[in-house]
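Throughout, residue positions are numbered sequentially from 1 according to the sequence presented.
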Amino acid sequence: QVQLVESGGGLVQAGGSLKLSCAASGRASNTYAMGWFRQAPGKEREFVAAISWSGDNTAYADSVKGRFAISRDNAESMVNLQMNSLKLEDTAVYYCAARNPYRGSYYYITSSEYEYWGQGTQVTVSS
């Protein structure tokens with residue numbers, strides 16, 4: 001079992017930055033592939049970014065490419081999402097997710113592929 005706890009959400013003006021963190025705990029949690037998803041009011045949960053266990057491979061949704069950066073620190077069992085140039089449409093609850101990968105180099109971009117989820121952290125971008 002893996003537990004995930006997100007932090008770092010809050011209120012920020014458009015154009016600003018926030019850094020989200022996800023602390024993972026549990027058996028071998030630092031060997032899991034990780035991802036970030038978000039869900040805005042009235043919308044379905046959508047993929048934001050993913051990173052392989054090795055940290056060598058990452059993927060981003062087109063809507064955040066060039067603005068967001070995912071990284072991980074396996075020694076600390078932590079995954080971060082640096083969000084820059086935030087837009088109003090980035091407002092959502094952001095969720096961290098984890099799964100045991102088939103290979104260390106794999107990442108996953110669909111929510112159904114993930115086994116564990118955090119409770120979410122709210123990000124609100126204001127004009």
Side-chain angles (χ1 to χ4, degrees):
Q1 193 76 5
V2 174
Q3 294 79 43
L4 304 173
V5 179
E6 303 97 335
S7 61
L11 176 65
V12 63
Q13 285 192 323
S17 298
L18 275 178
K19 182 180 179 181
L20 304 184
S21 295
C22 174
S25 60
R27 184 179 180 184
S29 57
N30 61 349
T31 66
Y32 279 53
M34 305 291 290
W36 285 96
F37 291 75
R38 66 187 182 187
Q39 188 166 18
K43 295 188 177 181
E44 292 187 354
R45 190 171 297 188
E46 65 174 3
F47 168 73
V48 175
I51 189 166
S52 62
W53 160 53
S54 64
D56 292 342
N57 295 314
T58 58
Y60 297 92
D62 288 343
S63 59
V64 306
K65 207 170 287 185
R67 300 188 297 122
F68 290 12
I70 189 171
S71 62
R72 67 187 299 156
D73 182 342
N74 286 343
E76 298 293 330
S77 296
M78 188 79 72
V79 174
N80 300 308
L81 184 69
Q82 178 66 46
M83 305 186 296
N84 300 323
S85 302
L86 283 161
K87 303 177 180 180
L88 296 178
E89 52 264 41
D90 293 320
T91 294
V93 177
Y94 284 69
Y95 297 91
C96 176
R99 70 155 287 157
N100 196 357
Y102 291 119
R103 290 181 184 268
S105 59
Y106 282 20
Y107 58 77
Y108 302 86
I109 64 172
T110 58
S111 59
S112 61
E113 294 179 293
Y114 283 89
E115 302 169 83
Y116 304 103
W117 292 84
Q119 293 299 307
T121 184
Q122 176 71 46
V123 172
T124 303
V125 184
S126 65
S127 58

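Under the 4.5 Å side-chain heavy-atom criterion for ILVMFWY residues, a single connected hydrophobic cluster contains both L4 and V79. Criterion: ILVMFWY side-chain heavy atoms under 4.5 Å apart, direct or through other members. Under it, I70 and Y116 are part of a common hydrophobic cluster. Hydrophobic clustering (ILVMFWY, side-chain heavy atoms < 4.5 Å, transitive): Y106 and I109 are in one cluster. Following chains of ILVMFWY side-chain contacts shorter than 4.5 Å, one can reach V64 starting from L88, so the two form part of one hydrophobic cluster. Under a hydrophobic-cluster definition in which Ile, Leu, Val, Met, Phe, Trp and Tyr are linked whenever side-chain heavy atoms come within less than 4.5 Å, directly or via other members, V12 and V93 are assigned to different clusters.
Heavy atoms only, all atoms of each residue included: N57 and Y107 are closest at CB-CD2, 3.6 Å. Contact between C22 and M34 at its shortest, heavy atoms only, is SG-CE, 4.0 Å. Shown here for G9 and V123, the closest heavy-atom pair between the two residues is CA-CG2, 4.2 Å. A pairwise comparison of heavy atoms in A40 and A92 identifies N-CB, 3.8 Å as the closest pair. The shortest heavy-atom contact between V48 and Y94 is CG2-CE2, 4.3 Å. Across all their heavy atoms, S85 and S17 have their closest contact at N-OG, 4.3 Å.
A 6.0 Å sphere centred on NZ of K43 holds no more than 12 heavy atoms belonging to other residues, nucleotides or ligands. The environment of CD in E44 is sparse: at most 12 heavy-atom neighbours from other residues, nucleotides or ligands sit within 6.0 Å. Remark: E115 CD is packed, more than 12 non-hydrogen atoms of other residues, nucleotides or ligands lying under 6.0 Å away.
Salt-bridge formation is not detected for the pair D90/K87: no Lys NZ or Arg NE/NH1/NH2 atom is positioned less than 4.0 Å from an Asp or Glu carboxylate oxygen.
Just one of W36, F37, F68 meets the ring pair (Phe, Tyr, Trp, His ring centres under 6.0 Å) condition when paired with F47; it is F37.
A donor-acceptor pair under 3.5 Å is formed between the side chain of T91 and the backbone N or O of V125. The backbone N or O of A33 lies less than 3.5 Å from no partner atom in the side chain of R72, so there is not a single donor-acceptor pair. Using a distance-only test at 3.5 Å, with no hydrogens or angles considered, a donor-acceptor pair links the side chain of E6 to the main chain of Q119. N74 contributes a side-chain N or O that, together with a main-chain N or O of W53, makes up a donor-acceptor pair within less than 3.5 Å. Y95 places no side-chain N or O within donor-acceptor distance of the main-chain N or O of Q39, the cut-off being under 3.5 Å.
A donor and an acceptor atom, one from each side chain of Q82 and N80, are nowhere located under 3.5 Å apart. Side-chain contact, Y114 with R99: no donor N or O sits under 3.5 Å from an acceptor N or O.
Expressed to the nearest 0.5 Å, how far OG of S71 lies from CD1 of I51 amounts to 6.5 Å. Atom CE in M78 sits 10.0 Å away from atom SG in C96 (nearest 0.5 Å).
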Chi angles and distances behind the side-chain contact (heavy atoms from CB on, under 4.5 Å) call for R67, M83: CA-CA 6 Å; R67 300 188 297 122; M83 305 186 296; over 6 Å; no

